[in-house]
Amino acid sequence: MRYEEELNPVQLDAVKHIHGPLLVVAGAGSGKTRIITYRIAHLIESGIQPHSILGVTFTNKAADEMRKRVQGLVNRSPLISTFHSFCALLLRKEIHHLGYSRNYVIYDEVDSRNLVKQILGGDEVFAAFSPKEIATSISYAKNRGITPRQYAAKARTTAEKLIARSYDEYQRRLKENGAVDFDDLLILAVELLEKFPEVLQRYQDRYRYILVDEYQDTNRLQYRLIYLLAQKHKNICAVGDPDQSIYQWRGADITNILNFERDFPGATVITLEQNYRSTGLILEAANNVIKHNKERKEKKLWSELEEGHKPVYYLAEDDRLETEFVANTVYELHMRDNIPYRDIAVFYRTNAQSRVFEEQFFIYKIPFVVIGNVGFYERKEIKDIVAYLRILTAPDDSLSLIRIINTPPRGIGAKTIERIGAFAGKHKLTAHEALKRIDEVEDVGPGIRKRISGFVEMLEEFRSKMNELRPLELTRLLIEKVGFLDDLRKDRERGEDRVENVEEFLSAISLFEDECPEGTLEEFLQQTSLFSDIDSWDSDEDRVALMTMHNSKGLEFPVVFIPGLEESLSPHQNSLDSRSMLEEERRLFYVCLTRAKERAYLTSAMQRLRFGEITERFPSRFIGEITDDLLEKQGEELVTPSSSKDFFVPSQDWDEKPVVRKKNQAALFAEGDKVGHPLYGEGTVIEVEESPAGQLCRIRFLKDDETKTIAAKFARMTKL
DNA sequence: ATTCTGGAAATTTTT
DNA sequence: TTTCCAGAAT
């Protein structure tokens with residue numbers, strides 16, 4: 001490959017470097033991804049085996065993309081994953097050393113919070129503290145490498161003592177449930193490598209060449225992990241930019257990148273300051289802002305690209321008009337300048353801000369996709385199904401068990417669950433074991449007993465089928481057996497959406513089966529718990545992307561909108577009285593602005609609706625930090641509500657829904673059809689309903705004369 | 001045991 | 001405005 005033609009001399013130095021520690025300080029848009037991919041390609045072309053290379057990125061999406069690019073260059077690819085996925089992989093093979101089961105379950109944030117809630121439970125002293133706050137504090141401590149014991153030793157205030165106790169109990173219950181949380185993945189991986197030198201050595205010799213992206217956002221545990229792995233061969237390449245550090249609030253430690261040369265003596269340091277992404281004026285505006293940070297190593301990006309357009313600043317009267325301006329401008333750019341929707345993005349500070357844009361874009365028929373918000377796997381209906389599947393693979397996960405024992409409702413209430421819990425506690429049993437001995441639990445009525453044992457038997461039945469059935473088939477049968485769809489459809493308002501989500505979940509399993517023909521249910525579950533919303537975003541679809549400022553990291557778009565640039569939103573209220581937090585807010589804004597290739601639109605509102613109440617707002621200080629000659633101002637009087645209306649008149653014939661989802665609907669069954677079902681046997685279709693999830697059939701089955709609603713697409717039914 | 005109801009709270013950012 | 005939760009009604 002001709003590296004000289006594809007890279008500038010500085011980039012080339014970074015790419016051609018093979019042995020020893022290397023730090024690449026890569027300013028925004030300086031070709032960071034390019035360097036990493038070409039460097040991997042170069043390593044492989046120099047005769048290094050792909051399997052001895054490890055690449056670590058921030059998101060699964062970034063990892064996928066990088067893998068594809070390397071694949072495109074040299075037709076081979078090493079392991080590239082996120083820190084968390086890598087740790088999960090490592091632990092899957094080695095966790096037994098630490099006394100955990102290999103089939104451990106990964107708890108996400110919601111699970112963690114529920115567990116904390118459970119711990120605080122009956123104790124009224126704790127009522128003053130929210131489970132969320134405590135969960136956050138615990139996570140914060142964990143990311144700093146503080147153990148429960150260390151925390152307890154240092155605790156002084158009542159709150160700290162409470163957190164200390166909760167933390168300790170939290171860890172105990174995690175282990176009891178055979179579960180680990182996100183933070184544990186890192187903690188346990190580090191613990192494993194520290195306590196078992198022979199394991200460490202194996203992995204050191206396996207991954208001789210390590211690359212870490214977004215190094216400025218690694219925390220102490222992640223640093224430790226990399227340090228351990230790279231200690232022997234010292235072939236570590238870290239790429240990052242201190243000006244783009246935006247995760248200190250969750251424990252990212254900027255000193256990791258600042259002390260690189262101290263930690264890896266003899267390191268080569270390469271700094272990239274030429275920007276290839278943004279046109280001149282946008283870049284200059286960004287430089288303007290970031291230079292206001294005090295805690296910063298001087299660095300000035302420059303560009304050979306043309307000056308381009310000035311960033312536009314629009315001050316709206318209120319948030320409604322702000323979104324209208326954005327929608328108008330998007331519409332104009334699309335219609336007049338033929339800019340595809342996929343080239344446009346909106347970055348806001350808080351997820352709550354997305355709503356008004358969704359509504360406005362909907363009115364304007366502008367196709368869009370919201371990235372982030374409530375992640376797919378965090379939706380209740382999906383978490384419920386996942387809980388069922390987890391229980392099959394890991395019976396001890398009592399959190400999941402409690403979640404599903406009465407979902408859908410089967411007459412097992414809070415009181416009963418409490419009694420079972422007490423029984424389990426008394427006899428030192430897991431919830432699962434206690435359920436099996438339900439006959440010994442006192443004060444439980446005969447009807448309830450019967451339902452519980454029925455429930456337990458059903459789980460056993462499915463568990464025994466786990467080996468013979470593929471995950472998709474198993475999940476389908478489970479959903480039908482439990483009557484999950486019937487339950488969802490009881491919700492008149494959102495039932496259809498939920499059924500549709502279930503459908504999407506099944507598609508995800510199907511995709512997994514295609515990709516990993518040998519993949520087990522456990523592996524699927526582990527993979528999904530480390531999935532984030534941005535990972536599944538298809539950037540080829542022609543839609544405007546809506547996401548938080550944090551999610552914009554690592555991306556680029558020709559056109560970028562940054563709304564809500566007001567004091568108390570950006571910079572955020574909670575950061576106003578700390579200089580370091582304020583500087584992080586500034587970096588965040590800087591990151592967003594440098595995503596823009598050709599056009600940037602910055603907007604603020606003077607009034608904003610908050611919880612249905614009007615609040616007064618002031619333009620962000622960040623706007624003031626950009627010199628006037630760099631901004632094209634479009635103020636209140638320039639685009640008033642009336643004149644903005646002139647931009648856009650929705651035409652009458654645009655009647656189709658702007659956001660169209662592809663559906664592969666096939667008319668499968670009709671009323672009166674005789675059908676055979678793998679679980680229920682023979683039946684007759686008595687009603688067919690078309691839904692977003694395809695046909696839903698009400699079917700009366702001969703066996704016990706029962707009527708059930710079944711999604712035709714997913715049931716393996718045959719016409720008789 | 002489940003569903004309904006009204007009052008209170010909610011919004012920082014996430015692997 | 002929407003979401004959440006405790007207590008009341010079924």
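A note on names: the letters A, B, ... follow the listed sequences, proteins ahead of strands, and every chain is numbered from 1. Every value quoted in this text rests on a predicted model; they were computed, and no experiment measured them.
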Open item on the list: So, using salt bridge (charged side-chain N to carboxylate O under 4.0 Å, His left out) as the criterion, who are the partners of Asp108(A) when residues are at least two apart?
Closed with: Lys383(A)

Task: Distance in angstrom units between Leu609(A) CG and dT11(B) P, rounded - done: 17 Å

TODO: Verify the contact: side-chain N or O of Ser532(A) to OP1 or OP2 of dT15(B), cut-off strictly under 4.0 Å; return yes or no.
DONE: yes

Open item on the list: Strictly under 4.0 angstrom, non-hydrogen atoms only: write out the protein contact profile of nucleotides 1-10 of chain C, one letter per nucleotide from the 5' end, B, S or -.
Closed with: BSS-S-----

Open item on the list: From CD of Gln244(A) over to C1' of dT13(B), roughly how many Å is that when rounded to an integer?
Closed with: 16 Å

Task: Whole angstrom value for the distance that separates C1' of dT14(B) from CD1 of Ile371(A) - done: 15 Å

Open item on the list: Under a plain distance cut-off of 3.5 Å, with no hydrogens placed, do Asn177(A) and Tyr107(A) share a side-chain donor-acceptor pair?
Closed with: yes

Task: Phosphate contact (dT14(B) OP1 or OP2) by Asn351(A) side-chain N/O below 4.0 Å - done: yes

- [ ] Give the rounded distance in Å between these two atoms: CD1 of Ile187(A) and C1' of dT15(B).
- [x] 14 Å

Open item on the list: Do the side chains of Arg250(A) and Asp217(A) get close enough for a salt bridge, i.e. N-O under 4.0 angstrom?
Closed with: no

Open item on the list: Please report whether the ring centroid of Phe347(A) lies less than 6.0 Å from that of His550(A).
Closed with: no

Open item on the list: Go nucleotide by nucleotide along DNA chain B from the 5' end; which of Ala352(A) and His84(A) gets its closest nucleotide reached first?
Closed with: Ala352(A)

Task: Partner residues of Gln360(A) under the side-chain hydrogen bond (donor to acceptor under 3.5 Å, both in side chains) criterion, sequence neighbours left out - done: Thr323(A)

Open item on the list: Classify Asn551(A) by what it touches in the nucleic acid, base, sugar-phosphate, or nothing, heavy-atom distance under 4.0 Å.
Closed with: sugar-phosphate

Open item on the list: Rounded to whole Å, how long is the line connecting atom CG of Leu569(A) with atom C1' of dT13(B)?
Closed with: 11 Å

Open item on the list: In this structure, how many angstroms lie between the P atom of dT14(B) and the CE atom of Met547(A), rounded?
Closed with: 11 Å

TODO: Determine the interatomic distance between C1' on dC5(C) and the same-named atom on dT12(B); round to the nearest Å.
DONE: 23 Å

Task: side-chain hydrogen bond (donor to acceptor under 3.5 Å, both in side chains) partners of Gln244(A), counting only residues at least two apart - done: Asp241(A), Arg595(A)

TODO: Rounded to whole angstrom, note down the C1' distance from dT11(B) over to dA6(C).
DONE: 23 Å

TODO: Let me know, please, whether Asn574(A) or Asp533(A) comes out on the 5' side of the other along DNA chain B by nearest nucleotide.
DONE: Asn574(A)

TODO: List in chain and number order the residues that pass side-chain hydrogen bond (donor to acceptor under 3.5 Å, both in side chains) with Ser354(A), two or more places apart in sequence or in another chain; answer none if no residue qualifies.
DONE: Glu358(A), Asn373(A)

Open item on the list: Can you list everything that forms a side chain to side chain contact (heavy atoms under 4.5 Å, CB included) with Phe611(A)? Sequence neighbours excluded, please.
Closed with: none

TODO: Round to a whole Å and report the spacing from OH of Tyr140(A) to P of dT12(B).
DONE: 16 Å

Task: Integer-rounded Å distance: dT13(B) C1' and Gln248(A) CD - done: 13 Å

Could you go over nucleotides 1-8 of chain B and give all protein N or O partners under 3.5 Å, atom names and distances?
residue: dA1(B); atom: OP2; partner: Gly413(A); partner atom: N; Å: 2.8
residue: dA1(B); atom: OP2; partner: Thr416(A); partner atom: OG1; Å: 2.9
residue: dT2(B); atom: OP1; partner: Gly411(A); partner atom: N; Å: 2.8
residue: dT2(B); atom: OP2; partner: Asn406(A); partner atom: ND2; Å: 2.8

Open item on the list: Strictly below 4.0 Å: does Thr548(A) bring a side-chain N or O up to OP1 or OP2 of dT14(B)?
Closed with: yes

- [ ] Kindly write out the residues that satisfy side-chain hydrogen bond (donor to acceptor under 3.5 Å, both in side chains) with Ser532(A), not counting sequence neighbours, or none if the list is empty.
- [x] Asp535(A)

Task: Where at least one partner belongs to residues 603-612 of chain A, residue pairs that pass side chain to side chain donor-acceptor pair (under 3.5 Å), sequence neighbours excluded - done: Tyr313(A)-Ser604(A), Glu322(A)-Thr603(A), Glu322(A)-Arg608(A), Glu566(A)-Arg608(A)

Task: Near-parallel close stack of His550(A) and dT13(B) base (under 5.5 Å, under 30°) - done: no

- [ ] For Phe58(A), answer base if it contacts any base atom (sugar-phosphate contacts may also be present), sugar-phosphate if it contacts only those atoms, and nothing otherwise; contact means non-hydrogen atoms under 4.0 Å.
- [x] sugar-phosphate

